[in-house]
Amino acid sequence: QVQLIESGGGLVQAGGSLRLSCAASGRTFSRYTMGWFRQAPGKEREFVAAIKWSGLASTYYADSVKGRFTISRDNAKNTVYLQMNSLKPEDTAVYYCAAGTGGIRVPKDQYDYWGRGTQVTVSS
């Protein structure tokens, strides 16, 4: 069983930055693909970014955040991060951390574990 807890959300002006963190339980954290998803009010949960444990081609981003967001992980701390720069009002959503045993391009229903989410609000 993997438990995930997100933190770092808040309110920021357009053009600003936030860094989200996801703390994961378990010694096997490094073996999981980790993903970030987000869900705005009245909308479906959508993919944001994913990362494998190592190697080339180990990250994958949604087109909407490519070049602005960076996903990373610190396996020693059992933590995955999402650095969000140049934030836009359209980025406003609840952001969820997820873990799974699949690849970085799998859909959200292929992830096995989910956090409870952290709110990100970007004002215009």
Please tell me if the side chains of T33 and Y111 come closer than 4.5 Å, counting only heavy atoms from C-beta onward.
-> yes
So, do D112 and T101 sit near enough that their side-chain heavy atoms are less than 4.5 Å apart?
-> yes
Enter the distance from Y95:OH to W36:CH2 here, rounded to the nearest 0.5 Å.
-> 10.0 Å
Drop me the distance from M34's CE to N75's CG, to the nearest 0.5 angstrom.
-> 9.5 Å
Between G117 and V94, the two heavy atoms sitting closest are CA-CG1, 3.8 Å
Separation of Y113 OH from S25 OG (nearest 0.5 Å) = 9.0 Å
Is there a side-chain contact between Y60 and I51 (heavy atoms, below 4.5 Å)?
-> no
Report yes or no: is the cationic atom of R73 (NZ for Lys, CZ for Arg) closer than 6.0 Å to the six-membered ring centre of Y81, at no more than 45° off its axis?
-> no
Taking the side chain as every heavy atom from C-beta outward, state whether V48 and F69 have any atom pair closer than 4.5 Å.
-> yes
Step through the shown structure and confirm whether more than 12 heavy atoms of other residues, nucleotides or ligands are within 6.0 Å of CG on L11.
-> yes
Where at least one partner belongs to residues 81-104, residue pairs that pass salt bridge (charged side-chain N to carboxylate O under 4.0 Å, His left out), sequence neighbours excluded = R38-D91, R68-D91
State whether the number of non-hydrogen atoms from other residues, nucleotides or ligands found under 6.0 Å of Q110 atom CD is greater than 12.
-> yes
Min side-chain heavy-atom separation M84-L20 under 4.5 Å | yes
Heavy-atom closest pair (P89 atom, A14 atom, distance to 0.1 Å) is CD-CB, 4.1 Å
If we ignore angles and hydrogens, is there a donor and acceptor under 3.5 Å between the side chains of T79 and D74?
-> no
Side-chain contact, heavy-atom cut-off 4.5 Å: V120 with L18?
-> yes
Minimum heavy-atom separation for A93 to A40, with atom names?
-> CB-N, 3.8 Å
Between W114 and F37, what is the ring plane arrangement, given parallel below 30°, perpendicular above 60°, and tilted in between?
-> tilted
Please tell me if the side chains of Y61 and T70 come closer than 4.5 Å, counting only heavy atoms from C-beta onward.
-> yes
State the CZ-CD1 distance between F47 and I104, to the nearest 0.5 angstrom.
-> 7.5 Å
E6 side chain vs C97 backbone, donor-acceptor pair below 3.5 Å | yes
Over all heavy atoms of both residues, which pair between G115 and Y96 is shortest? Give the atoms and the distance, please.
-> O-CD2, 3.6 Å
